[in-house]
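Basis for what follows: all heavy atoms, side chains included, without hydrogens, waters or symmetry-related copies. In the text below, chain A, chain B and the rest are named by the order of the sequence lines, each starting its count at 1. What you see is a predicted model; the values in this text were computed from it and never measured.
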2 protein chains.
Amino acid sequence: MKTLSRKEEIIKVAATLFRKKGYNAISMRDLAAEMDMKAASLYNHISGKQEILAAIILEVALEFTEGMESVMTQNSSSLKKLEGLIELHIDITLNHSEALAAVNNDWMHLEGENLSAFVKMRDGYEDNFRNIIKQGIETNEIKPHHPEVILFSILSTLRTLYLWQEKRGKLDVNVLKKDMVSVLIGGIV
Amino acid sequence: MKTLSRKEEIIKVAATLFRKKGYNAISMRDLAAEMDMKAASLYNHISGKQEILAAIILEVALEFTEGMESVMTQNSSSLKKLEGLIELHIDITLNHSEALAAVNNDWMHLEGENLSAFVKMRDGYEDNFRNIIKQGIETNEIKPHHPEVILFSILSTLRTLYLWQEKRGKLDVNVLKKDMVSVLIGGIV
DNA sequence: AATTCTAACTAACAACTGTTAGTTTTGTTC
DNA sequence: GAACAAAACTAACAGTTGTTAGTTAGAATT
């Protein structure tokens, strides 16, 4: 358990506040109050509100990008890669549960390079995901549905995993992974 | 094609603006500019910003509630009911694509009775959805997975259908419904 | 003991927020 | 054309926003 720098503390607290009401609904004074300081003091540690948002979102986006690369280079079937992606999402969600609300709902409030960097990573991630599905269909591992329907259905479930806070505690991580893979890939009937 | 009242116009335009950046990021002046008027003039038609948000969200919530009741009273198998719910979501999404962003992302900015009315409808809806799944498991129509996993997986896909704007145009509604039912219930393998 | 650094503070800024009051324009009805 | 209601307007309000400037207290380094 490493000790957080003051800057990291601010970013972490900000993520938990953003989670509940979103980036725009939280003021620097709200954040400062939660940190037991005055708003102006925050600027000894960060350059502005935008830097906080970028730090929260881009760190997670980078982890997804790296995780995807790792899955892509693994020499295995499309289904195994899909399984890997499901596990990737679950792992990241467990490690960054607060940040994921911002990644999903506040990314559009990123500005300039922060925004374009995020969109680029996100688009690239989706492309890779789609290609894995397409390949699975070509090799007859996956039923010949429209790839967009499959992509959308799996990805939207994985992206909203962070909302599943309370129930998660009751389920073991590995059980959750197994169930998730089974439901998303094998269906429910 | 009925002609909209000025109030309905305002609410509709507000929904499209809220969709892109969220409730808090859109000011009454932004909304007025999009309507080609001054912010103060909006108040000739609506009581305040909160009324707009409530109108957008509660109308859709009510449609979901009524749709659920209609499905619940239909005398059929659990799987058929699930199919009905999938179709319900697709129909509502097509008819209220702008409003659904607010329903998903801005409901927490509702206040007072608006908020409690929404939360009540939403919780009730989820309970009914869960019960249909549970019943399907009892009757062996559905694999004995943890009901929460199934509920979460299907519901999060349906709830984010509104994000699927561009691709949707290419697919016929009935094809989409069939594919969605097939993927969500039958899986992809 | 003197100096530098860190991290807090107070005070203030210009811009923006939702909203109200009062007024003027517009189009319809007698 | 007078009277009326609907719907726009201008001007202003009190509060909030992110941020900057300058200051100060305590700790670390010289």
Non-neighbouring partners of His89(A) that pass ring pair (Phe, Tyr, Trp, His ring centres under 6.0 Å), sequence neighbours left out: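 Result, ring pair (Phe, Tyr, Trp, His ring centres under 6.0 Å) vs His89(A): Phe64(A), Tyr125(A).
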Report the residues that fulfil ring pair (Phe, Tyr, Trp, His ring centres under 6.0 Å) with Phe18(B), sequence neighbours left out, ordered by chain and then residue number.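 Only Tyr23(B) meet the ring pair (Phe, Tyr, Trp, His ring centres under 6.0 Å) criterion with Phe18(B).
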Side chains of Asn44(A) and Ser41(A): any donor to acceptor distance under 3.5 Å?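 There is no such pair between these side chains.
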Quiz question: by atom type and distance under 3.5 Å, do the side chains of Glu9(A) and His45(A) form a donor-acceptor pair?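 The answer is no; no qualifying pair exists.
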Between N or O atoms, less than 3.5 Å apart, protein on one side and nucleotides 14-18 of chain C on the other: list the pairs.
| unit_1 | atom_1 | unit_2 | atom_2 | d |
| --- | --- | --- | --- | --- |
| dG18(C) | OP1 | Lys49(B) | NZ | 2.8 |
| dG18(C) | OP2 | Met28(B) | N | 2.8 |
| dG18(C) | N7 | Arg29(B) | NH1 | 2.8 |
| dG18(C) | O6 | Arg29(B) | NH2 | 2.9 |

Which protein N or O atoms sit under 3.5 Å from an N or O of nucleotides 23-28 of chain C?
none

Among Leu155(B), Ile150(B), Leu158(B), Leu82(B), which residue meets the side chain to side chain contact (heavy atoms under 4.5 Å, CB included) test with Leu184(B)?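 For Leu184(B), the side chain to side chain contact (heavy atoms under 4.5 Å, CB included) test succeeds with only one of Leu155(B), Ile150(B), Leu158(B), Leu82(B), which is Leu158(B).
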Check Leu176(A), Asp179(A), Val175(A) against His146(B) for a side chain to side chain contact (heavy atoms under 4.5 Å, CB included) and give me the one that passes.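 So the option named by the test is Asp179(A).
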Does His109(B) offer a backbone N or O that forms a donor-acceptor pair with the side chain of Gln50(B) under 3.5 Å?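 Yes.
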How about Glu34(B): does its CD atom have over 12 heavy atoms from other parts shown lying under 6.0 Å from it?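 No, not enclosed.
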Can you name the nearest heavy-atom pair linking Pro144(B) to Ile137(B), along with the distance?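 Closest approach of Pro144(B) to Ile137(B): CA-CG2, 3.9 Å.
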Closest approach of Arg159(B) to Asn104(B) (non-hydrogen atoms, all atoms of both residues):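 Scanning both residues completely, I find the closest heavy atoms to be O-ND2, 3.1 Å.
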First and last nucleotide of DNA chain D in contact with chain A, 5' to 3', at under 4.0 Å to a heavy atom: what are they?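 Boundary nucleotides touching chain A, in 5' to 3' order, are dT17(D) to dA21(D).
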Treating primed atoms plus P, OP1 and OP2 as sugar-phosphate and everything else as base, which nucleotides of nucleotides 3-8 of chain C get B, S or - for protein heavy atoms under 4.0 Å? ----BB
